[in-house]
Amino acid sequence: MSANGSAAIEPRLCHVRKTPDFDGYGFNLHAEKGKPGQYIGKVDDGSPAETAGLKRGDRILEVNGHSIAGETHKQVVARIKERPDDAELLVIAPARGTRPDLDVPVPEKTPPPSEAPRDSPSPTEPPKLNLQMTAAEMRAHLAAKKKFDPKKVPMDLRSKFDIVKKL
């Protein structure tokens, strides 16, 4: 317990080891808009990530002993992949009062209209990612999608003329 009576959040080291019966580590990595760092998204059931103790919403502090502060998503992925069979992730659980289900915002007290923030998201802002799918489900979903090639769509001469005319 900390001095103010709340439980202190301690970082924990999770050693994720690949297993022959599972493809990959079994977790999604993502960044949150407006928040620095990389976070653990969906953790697959029975995965090496689950076995190592990774939880949805954990923030990654270090990968294989190296701080990832200021690194891009691509750099963090490269650090995780630098060892072929394992990765050591120093993570910290989300702060108390925040939700680990990353696609649902934490409800806040609504301020009176006079105090409403002016930089609130506009209704035209794209929706947040839904990370409910496991990595395996995402791969299967993408593989099952039909490939669309606009060059193979039959088009009459008049339509082609209209397109070129607009250019």
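All values below were derived from every heavy atom in this structure, side-chain atoms included, with hydrogens, water molecules and symmetry-related copies excluded. These figures come from a predicted structure and were not determined experimentally.
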Separation of Ile68 CD1 from His73 NE2 (nearest 0.5 Å): 10.5 Å

Once rounded to the nearest 0.5 Å, what's the spacing between atom CD1 of Ile60 and atom OG of Ser67? 11.5 Å

My understanding is that only residues two or more places apart in sequence, or in another chain, count here; which of them pass side chain to side chain donor-acceptor pair (under 3.5 Å) with [X]?
| X | answer |
| --- | --- |
| His15 | Arg17, Asp86 |
| Thr72 | Gln75 |
| Arg79 | Glu71 |

Once side-chain contact (heavy atoms from CB on, under 4.5 Å) is applied, do any residues pair with Ile92, and if so which ones, sequence neighbours excluded? Ile9, Pro11, Arg59, Leu61

Partners passing side-chain contact (heavy atoms from CB on, under 4.5 Å) against Lys55 (at least two apart in sequence or in another chain): Arg12, Asp58

For a quick test of reading the model, state the closest non-hydrogen atom pair linking [X] to [Y] and the distance between them.
| X | Y | result |
| --- | --- | --- |
| Gly26 | Ser47 | O-OG, 3.5 Å |
| Val43 | Arg56 | CG2-N, 4.0 Å |
| Thr19 | Pro48 | OG1-CG, 4.0 Å |

Taking side chain as C-beta onward, heavy atoms only, is Thr51 less than 4.5 Å from Phe22? no

Are any of the side-chain heavy atoms of Ile80 and Tyr25 separated by less than 4.5 Å? yes

State whether Phe27 and Lys42 meet the cation-pi test: NZ (Lys) or CZ (Arg) under 6.0 Å from the six-membered ring centroid, and within 45° of the perpendicular axis. no

Only distances under 3.5 Å count here; give the side-chain donor-acceptor pairs of residues 156-167 to other protein atoms, sequence neighbours excluded, each with its distance to 0.1 Å.
from: Asp156; atom 1: OD1; to: Ser159; atom 2: N; distance (Å): 3.1
from: Asp156; atom 1: OD1; to: Ser159; atom 2: OG; distance (Å): 2.5

